Amino acid sequence: MRRWRGQSDFDPAFRLIEESLDHLRPWMPWVASHSEESTRSFLAKSDARWDSGDAYNYAIARGGTLIGMCLTYRGTEPQGRMMGYWLHPGATGQGIATRATAAMVTEAFSLPDVEYGNPVSTPRDQPQWCPRP
């Protein structure tokens, strides 16, 4: 996992999303408006959101190749963080999301005043609150 590198990550990020569209469509509403412009906008906003503490967006890479994304962002209550991730379909089922999520949870709970994390869930899922360990 690493922090996004602004527009220098555009080509690999856009390619990752393009290759994952069918896999993501049932779970990620933003896929419907995916475009070069939306990818550039996401990357442009990532630094400012990181610096403000509103969101920490991470690229997941293996061997230098981007294979997914994960993030934690402020919840509706100040002491909570929302968390989410997705992987390229070729990277699923290998424990990558489990390791990335564990690292992200550790980082989220190292922030001051964070009392719980809530994995972003699909409408079929029930919210799962994760209290501070």
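Because the structure is predicted, anything quoted here is derived from the model rather than measured.
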Rounded to the nearest 0.5 Å, how far apart are [atom1] of [X] and [atom2] of [Y]?
X   : Y   : atom1 : atom2 : result
R62 : T65 : CZ    : OG1   : 8.5 Å
L16 : I67 : CG    : CD1   : 8.5 Å
L71 : Y56 : CG    : OH    : 12.0 Å

For [X] against [Y], the heavy-atom pair lying closest together:
X    : Y    : result
I96  : A91  : CD1-O, 3.5 Å
S110 : E107 : OG-O, 2.6 Å
T72  : M104 : N-SD, 3.8 Å
F14  : S35  : CE1-C, 3.7 Å
W86  : S20  : CZ3-OG, 3.6 Å
A103 : M1   : CB-CE, 4.1 Å

Same hydrophobic cluster for Y85 and L111, using side-chain heavy-atom links shorter than 4.5 Å among ILVMFWY?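 No, separate clusters.
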
In the single-linkage hydrophobic clustering (I, L, V, M, F, W, Y; side-chain heavy atoms under 4.5 Å), do L66 and M69 co-cluster?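 They do share one cluster, since a chain of ILVMFWY contacts under 4.5 Å joins L66 to M69.
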
Student check: side-chain heavy atoms of [X] and [Y] closer than 4.5 Å:
X   : Y    : answer
M82 : R74  : no
M83 : T101 : no
R25 : D22  : yes
S38 : W30  : no

Check for a donor-acceptor pair, side chain of [X] on one end and backbone N or O of [Y] on the other, with a separation under 3.5 Å.
X   : Y   : value
Q7  : R40 : yes
T92 : H88 : no
S41 : E37 : no
S52 : R49 : yes

If the threshold is 4.0 Å, N to carboxylate O, is there a salt bridge linking D11 and R5?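 No, this pair does not count.
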
Can the ring centroids of W4 and F42 be said to lie less than 6.0 angstrom from one another?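 Yes: the rings meet the under 6.0 Å criterion.
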
Using the salt bridge (Lys or Arg N to Asp or Glu O under 4.0 Å) definition, which of the options R2, R3, R15 pairs with D9?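 For D9, the salt bridge (Lys or Arg N to Asp or Glu O under 4.0 Å) test succeeds with only one of R2, R3, R15, which is R2.
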
Run the side chain to side chain contact (heavy atoms under 4.5 Å, CB included) test on R81 and F109 for me, step by step, so that the C-alpha distance in whole Å, both residues' side-chain angles and the decisive distance to 0.1 Å come before the verdict. CA-CA 9 Å; R81 299 296 290 194; F109 283 122; over 6 Å; no

